[in-house]
Novice: 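My questions all concern the structure below.
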Amino acid sequence: MPALGFGTLIPDRAETRSATASALKAGFRHFDCAERYLNEREVGEGLQAQFATGAVAREDVFITTKLWNTNHRSERVEPAFDGSCERLGIKYVDLYLIHTPYAFQPGDNMDPRDQSGKVIYDSGVTLLETWKAMESLVDKGKCGAIGLSDVVLENLAPLYEAARIKPGVVQVESHPYLPQTELLEFCKQRGIVLLAFAPLGHGIHPGPLEDPVVLATAQKTSLTPAQVLLAWAIQRGTAVLTTAKTPERIRENYNISRISDEAVDQISRIQTRSRLNQVVQTGVPGFIPKKS
């Protein structure tokens with residue numbers, strides 16, 4: 001899995017298509033998708049358009065997608081997986097993630113709510129049962145690896161011990177204001193890749209992009225603050241996802257270079273702490289527009 005990946009959480013479908021194609025042209029070979037983003041078909045069209053030119057082959061691209069909360073019951077896992085593959089226009093997925101550890105009421109409504117507006121959870125399935133259905137996808141050769149997203153160590157540790165096929169990747173929010181140090185060490189010790197999303201702070205202001213330590217590092221180098229944050233994430237041992245819509249910003253995020261070990265250490269010592277997405281507490285994704 002390439003350490004630098006392109007995230008496809010882009011609300012506008014036309015922009016999704018063009019940004020995906022631009023990311024491939026810029027050099028990205030790792031794409032992170034999800035059923036819940038409601039744009040897998042557009043991501044697939046952007047990928048397939050570039051595959052058709054012969055410039056990039058499917059086997060050269062690492063594609064991830066995710067099982068949504070309403071499909072946690074064992075009998076729903078494989079149909080959900082097949083649906084994602086059909087929309088993406090591919091025959092296999094390199095990595096399939098459980099989008100969150102929370103099971104919602106099964107059905108076609110991705111955001112089931114009761115009359116008071118509260119999420120309707122599904123108490124009839126455990127995370128381990130869902131994981132066993134994920135393992136069967138690997139057994140059948142449908143995906144190369146499986147993992148979890150938006151998970152905390154308290155959920156990951158017991159699942160890791162019980163799993164027949166161990167998680168290959170854990171995708172979580174991570175940046176200098178939420179370094180996930182304990183989770184990262186757990187993953188490193190067990191050969192799990194920690195894949196960081198929102199590494200730039202997801203547009204929150206003030207955020208990591210405006211942090212004085214990050215700005216000072218950028219000023220000492222030819223890198224932008226965004227490039228500094230992406231370099232920090234990779235050099236500390238995580239993989240990282242970045243999302244952009246314009247070709248210029250996409251190229252900026254791809255063309256990163258190494259920063260000094262001293263800079264990595266200084267950024268790691270930033271004391272500000274802030275979680276931007278509360279999905280780990282409820283299973284409701286904070287970065288997906290509610291109108292979706």
Side-chain angles (χ1 to χ4, degrees), residues 5 7-9 11 32-40 64-81 83-84 93 95-114 117-135 137 143 145-160 162-163 166-175 178 180 183-184 186-187 192-199 202 238-239 241 243 275-290 292:
T8 62
L9 178 50
D32 181 79
C33 317
E35 176 187 5
R36 183 62 181 87
Y37 298 168
L38 302 178
N39 63 0
E40 285 177 312
T64 299
T65 195
K66 307 183 191 76
L67 177 81
W68 182 235
N69 299 354
T70 52
N71 293 319
H72 275 214
R73 295 212 171 200
S74 298
E75 68 273 14
R76 296 181 66 89
V77 172
E78 188 167 4
F81 176 89
S84 286
V93 166
L95 173 65
Y96 198 43
L97 301 177
I98 296 177
H99 202 142
T100 88
Y102 293 87
F104 288 2
Q105 175 180 272
D108 295 332
N109 181 1
M110 290 187 170
D111 190 26
R113 304 271 176 162
D114 62 20
K118 295 181 179 178
V119 172
I120 303 174
Y121 293 97
D122 181 8
S123 60
V125 61
T126 67
L127 186 59
L128 182 57
E129 288 170 338
T130 304
W131 186 259
K132 288 180 178 179
M134 299 278 285
E135 291 175 328
L137 296 174
C143 62
I146 50 179
L148 302 100
S149 176
D150 297 319
V151 68
V152 295
L153 186 55
E154 288 75 15
N155 296 131
L156 175 62
L159 180 71
Y160 177 87
K166 303 301 184 183
V169 175
V170 170
Q171 183 183 133
V172 293
E173 177 186 344
S174 181
H175 42 75
L178 187 66
Q180 302 272 18
L183 180 60
L184 177 58
F186 178 92
C187 290
I192 303 171
V193 175
L194 191 150
L195 176 57
F197 72 79
H202 198 72
T238 73
L241 296 173
T243 302
R275 182 183 291 277
L276 308 176
N277 192 328
Q278 303 305 315
V279 61
V280 296
Q281 299 174 1
T282 63
V284 178
F287 293 161
I288 296 178
K290 289 182 171 59
S292 297

Novice: Could you list the residues that satisfy salt bridge (charged side-chain N to carboxylate O under 4.0 Å, His left out) with D150, not counting sequence neighbours?
Specialist: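 Testing D150 for salt bridge (charged side-chain N to carboxylate O under 4.0 Å, His left out), a comparison that skips the adjacent residues, returns none.
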
Novice: Would you please name every residue forming a side-chain contact (heavy atoms from CB on, under 4.5 Å) with Q281, sequence neighbours left out?
Specialist: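 Counting only residues at least two positions away or on another chain, Q281 forms a side-chain contact (heavy atoms from CB on, under 4.5 Å) with Q278.
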
Novice: When rounded to the nearest 0.5 angstrom, what distance separates CG in D32 from CG in L95?
Specialist: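 So the CG of D32 and the CG of L95 are separated by 8.0 Å.
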
Novice: From E135 CD over to C143 SG, what is the distance, rounded to the nearest 0.5 angstrom?
Specialist: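 Between atom CD of E135 and atom SG of C143 there are 10.5 Å.
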
Novice: Could you tell me if the side chain of V170 sits less than 4.5 Å from the side chain of V151, heavy atoms only?
Specialist: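 Contact flag for V151/V170 side chains = yes.
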
Novice: Nearest 0.5 angstrom please: Y96 OH to S84 OG, how far?
Specialist: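 Result: 5.0 Å between the selected atoms.
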
Novice: Rounded to the nearest 0.5 Å, what separation is found between the CD1 atom of I98 and the CG atom of L127?
Specialist: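 Taking CD1 in I98 and CG in L127, the distance rounds to 5.0 Å.
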
Novice: Please determine whether side-chain contact (heavy atoms from CB on, under 4.5 Å) holds for the pair F186 and L194, giving the CA-CA distance in whole Å, both sets of side-chain angles, and the decisive distance to 0.1 Å.
Specialist: CA-CA 10 Å; F186 178 92; L194 191 150; over 6 Å; no

Novice: My understanding is that only residues two or more places apart in sequence, or in another chain, count here; which of them pass salt bridge (charged side-chain N to carboxylate O under 4.0 Å, His left out) with E35?
Specialist: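 For E35 there are no salt bridge (charged side-chain N to carboxylate O under 4.0 Å, His left out) partners, ignoring immediate neighbours.
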
Novice: For the residue pair Q180 and L178, establish whether any side-chain heavy-atom pair is separated by less than 4.5 Å.
Specialist: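 Result yes, sub-4.5 Å side-chain heavy-atom pair found.
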
Novice: Are N71 and F81 close enough, and set up right, to give a side-chain contact (heavy atoms from CB on, under 4.5 Å), and what steps lead you there?
Specialist: CA-CA 10 Å; N71 293 319; F81 176 89; over 6 Å; no

Novice: Which value, rounded to the nearest 0.5 Å, describes the distance between L241 atom CG and S174 atom OG?
Specialist: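 Atom-to-atom, L241:CG and S174:OG are 11.0 Å apart.
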
Novice: Can T130 and V77 be said to form a side-chain contact (heavy atoms from CB on, under 4.5 Å), step by step?
Specialist: CA-CA 7 Å; T130 304; V77 172; 4.3 Å; yes

Novice: Answer yes or no for K166 and Y160: cation-pi contact, defined as NZ/CZ to six-membered ring centre under 6.0 Å and angle to ring axis within 45°.
Specialist: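 Yes, cation above the ring, under 6.0 Å and within 45°.
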
Novice: Any side-chain donor-acceptor pair under 3.5 Å between N69 and T100?
Specialist: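 Yes, because at least one side-chain N or O of N69 sits under 3.5 Å from a partner of the opposite role on T100.
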
Novice: Could you measure the distance from the NZ atom of K66 to the CD atom of Q171? Nearest 0.5 Å is fine.
Specialist: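 K66 atom NZ to Q171 atom CD measures 4.5 Å (nearest 0.5 Å).
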
Novice: So, does Y102 use its side chain to make a donor-acceptor pair with the main chain of V279 at under 3.5 Å?
Specialist: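 Between the backbone of V279 and the side chain of Y102 there is no qualifying donor-acceptor contact (under 3.5 Å).
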
